[in-house]
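Here's the structure, in structure tokens; my notes come after.
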Amino acid sequence: MKDTWKKLNLKGHLLTAISYLVPIVCGAGFLVAIGMALGGTAQDALVQGKFTFWDALATMGGKALGLLPVIIATGIAYSIAGKPGIAPGFVVGLSANAISAGFLGGILGGYFAGFLALGILKTFKVPEWAKGLMPTVIVPLLSSLISGLLMIYIVGIPIAAFTNWLTTVLQGLSSSSMLVFGLVVGFLSIVDFGGPINKTVYAFTLTLLASGVKEPVTALQLVNTSTPIGFGFAYFIAKLLRKNIYGREQIETLKSAVPMGVLNIVEGVIPIVMNDIARAITAAAIGGAAGGAVSMAMGADSTVPFGGFLMIPTMSHPLAGVLAIVVNVLVTGLVYAFIAKNKTAEELATVSEVEEEDISLDDIEIL
């Protein structure tokens, strides 16, 4: 049984699809954030002469974010079946959107469409002259028809009901419950710095976002934004404590990692984390938990699931987002500054330099 699940590679297909999804979320998120920050609003339809340039940006991004179930379904189906999975994944994702099954419906639909397309490819035997039609006509038609109808009439109904129930429950949580929920989201979103745990939580929060619950994905993104800045803040706290916690290379890394964090790119700080994994993860996790708790409890609710500081103007409570970032940065910075190892002068003087090899013209051959 275990081998069967391993062969299905459900987790791998999901992570592959999310890797395709993230650039779209980033691009669309920045469009919405910039548009709304400068006075635009996302509209149902752009009527010529009745919208501004900023309205256009916000609407472009908003329409793209509205297709997240379609994108994740297409990505999963493609990961499973290759090109023949694209059409059924797209159709089943649109079907999930149509019946309000949301992001969760898109994920499950993507698996159905992908494995169905793969099964048809492997089991259907056609004459030699029709083999060229398999990937372009037969497989897309049959798998789109079956998976789409399956989503609309069978699978999508309980998913939509579950999503509505979960949305109602979360919207009815008390402030203390939201604080605990935010603490968990904040902790899990940063504990592996953009790895599988982060992406799994991200998929869950996007499911809630598609149902109108904006706080969880906002908490996750604010934690990603704050963590690199927190490690930068730790440098100054350590100096006050008369500690040297970063080597020369790490200081150079911070110069790019902190600006990347401002724009919600957490991966820039990974080289620093890898030099002191246990302590760095501990500080980031504690800071993320604190920031996530404040974000959820205070009701930070960005309209877009990406953008760093550009998310703040899209919130109904911008100060909540600012406060969550401040708390996260302070806690991460203070904890790391206190627990990080104080490097000796010898350790600080050690700089790994990779010398370039001299190019030897003797090895060049002219054919």
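Quick note: residue numbers are just sequence positions, from 1.
For Ala73, the side chain to side chain contact (heavy atoms under 4.5 Å, CB included) partners two or more places apart in sequence, or in a different chain, are Val92. Ser95 is linked by a side chain to side chain donor-acceptor pair (under 3.5 Å) to nothing, counting only residues two or more places apart in sequence or in another chain. By the side chain to side chain donor-acceptor pair (under 3.5 Å) test, Gln221 pairs with Asn264, sequence neighbours left out. Residues meeting the side chain to side chain contact (heavy atoms under 4.5 Å, CB included) test with Ala297, sequence neighbours left out: Leu179. By the side chain to side chain contact (heavy atoms under 4.5 Å, CB included) test, Lys63 is found to be paired with Thr59, residues two or more places apart in sequence or in another chain being considered.
A pairwise comparison of heavy atoms in Phe181 and Met296 identifies CD2-CE, 3.2 Å as the closest pair. When every heavy atom of Ala160 is checked against every heavy atom of Ile99, the shortest pair comes out as CB-O, 3.7 Å. Met151 approaches Gly109 most closely through the heavy-atom pair CE-CA, 3.6 Å. The heavy-atom pair separating Ser144 from Pro140 by the smallest distance is OG-O, 2.5 Å. Nearest approach of Ala33 to Leu310, heavy atoms of both residues: CB-O, 3.4 Å. Between Ala96 and Gly105 the shortest heavy-atom distance is CB-C, 3.8 Å.
Under a hydrophobic-cluster definition in which Ile, Leu, Val, Met, Phe, Trp and Tyr are linked whenever side-chain heavy atoms come within less than 4.5 Å, directly or via other members, Ile190 and Leu254 are assigned to the same cluster. By the rule that hydrophobic residues join a cluster once side-chain heavy atoms approach within less than 4.5 Å of another member, Val262 and Ile272 end up as members of one cluster. Tracing side-chain contacts under 4.5 Å through hydrophobic residues (I, L, V, M, F, W, Y), one never reaches Leu319 starting from Val294; they form parts of separate clusters. Put simply, Ile71 and Ile18 are part of the same group of oily side chains (I, L, V, M, F, W, Y) that touch within less than 4.5 Å, one to the next. Under the 4.5 Å side-chain heavy-atom criterion for ILVMFWY residues, no single connected hydrophobic cluster contains both Ile120 and Leu141.
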Worksheet item: Going through the distances and angles, do Lys239 and Asn244 end up as a side-chain contact (heavy atoms from CB on, under 4.5 Å)?
Response: CA-CA 7 Å; Lys239 288 299 181 185; Asn244 294 306; 3.1 Å; yes
**Prompt:** Under the side-chain contact (heavy atoms from CB on, under 4.5 Å) criterion, do Thr332 and Phe233 qualify, and how do the steps go?
**Reply:** CA-CA 8 Å; Thr332 301; Phe233 181 62; over 6 Å; no
Kindly indicate, with the supporting measurements, whether the criterion side-chain contact (heavy atoms from CB on, under 4.5 Å) is fulfilled by Phe231 and Val258. CA-CA 8 Å; Phe231 279 97; Val258 172; over 6 Å; no
Passes side-chain contact (heavy atoms from CB on, under 4.5 Å), Leu150 versus Leu116? Steps please. CA-CA 11 Å; Leu150 189 67; Leu116 184 58; over 6 Å; no
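In this structure, Ser295 contributes its side chain and Gly291 its backbone to no donor-acceptor pair below 3.5 Å. Proximity of a side-chain donor or acceptor of Asn97 to a complementary backbone N or O of Gly66 within less than 3.5 Å is detected. At least one donor-acceptor pair under 3.5 Å links the side chain of Ser256 to the backbone N or O of Thr253. Side chain of Thr205 to backbone of Pro216: no donor-acceptor contact under 3.5 angstrom is found. No donor-acceptor distance shorter than 3.5 angstrom exists from the side chain of Lys83 to the backbone of Pro135, with no hydrogens or angles considered. No donor-acceptor pair under 3.5 Å is formed between the side chain of Thr227 and the backbone N or O of Asn224. Between the side chain of Asp301 and the backbone N or O of Ser316, at least one donor-acceptor pair lies under 3.5 Å. At least one donor-acceptor pair under 3.5 Å links the side chain of Gln250 to the backbone N or O of Gly247. Checked by atom type and distance alone, the side chain of Asn328 never pairs as donor or acceptor with a backbone atom of Ile325 at under 3.5 Å. Put simply, the side chain of Ser226 never gets that close to the backbone of Val223: no donor and acceptor are under 3.5 Å apart.
Atom CG of Leu209 is separated from atom CG of Leu68 by 7.5 Å, given to the nearest 0.5 angstrom. The distance from the CZ atom of Phe338 to the CD1 atom of Ile237 is 7.5 Å, given to the nearest 0.5 Å. Expressed to the nearest 0.5 Å, how far CG of Leu21 lies from CG of Leu15 amounts to 12.0 Å. Atom OG1 of Thr225 is separated from atom CG of Leu220 by 9.5 Å, given to the nearest 0.5 angstrom. The CD1 atom of Ile138 sits 11.0 Å away from the OG atom of Ser143 when rounded to the nearest 0.5 Å. Note that OG1 of Thr52 is 8.5 Å distant from CG of Leu57, once rounded to the nearest 0.5 Å.
Think of Tyr20 as one node in a network of Ile, Leu, Val, Met, Phe, Trp and Tyr side chains linked at under 4.5 Å; its network also takes in Tyr78, Ile86. Hydrophobic clustering, defined by side-chain heavy atoms of Ile, Leu, Val, Met, Phe, Trp and Tyr closer than 4.5 Å, leaves Val180 isolated from every other such residue. Cluster note: Val91 groups with no other residue, as no ILVMFWY side-chain heavy atom lies under 4.5 Å from it. In this structure, Phe51 belongs to a hydrophobic cluster whose other members, linked by side-chain heavy atoms under 4.5 Å apart, are Leu46.
Counting only residues at least two apart or on different chains, the ring pair (Phe, Tyr, Trp, His ring centres under 6.0 Å) pairs with a member in residues 23-45 are Phe30-Phe306. Pairs engaging residues 137-168 under the ring pair (Phe, Tyr, Trp, His ring centres under 6.0 Å) rule: Phe162-Trp165 [sequence neighbours left out].
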Using residues 279-289 as the side-chain source, report each donor-acceptor pair under 3.5 Å to any protein atom, sequence neighbours left out, with the distance given to one decimal.
unit_1, atom_1, unit_2, atom_2, d
Arg279, NE, Ile339, O, 3.1
Arg279, NH1, Asp276, OD1, 3.0
Thr282, OG1, Ala278, O, 2.7

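Using cut-offs of 30° and 60° on the angle between ring planes, the pair Tyr246 and Tyr235 is parallel.
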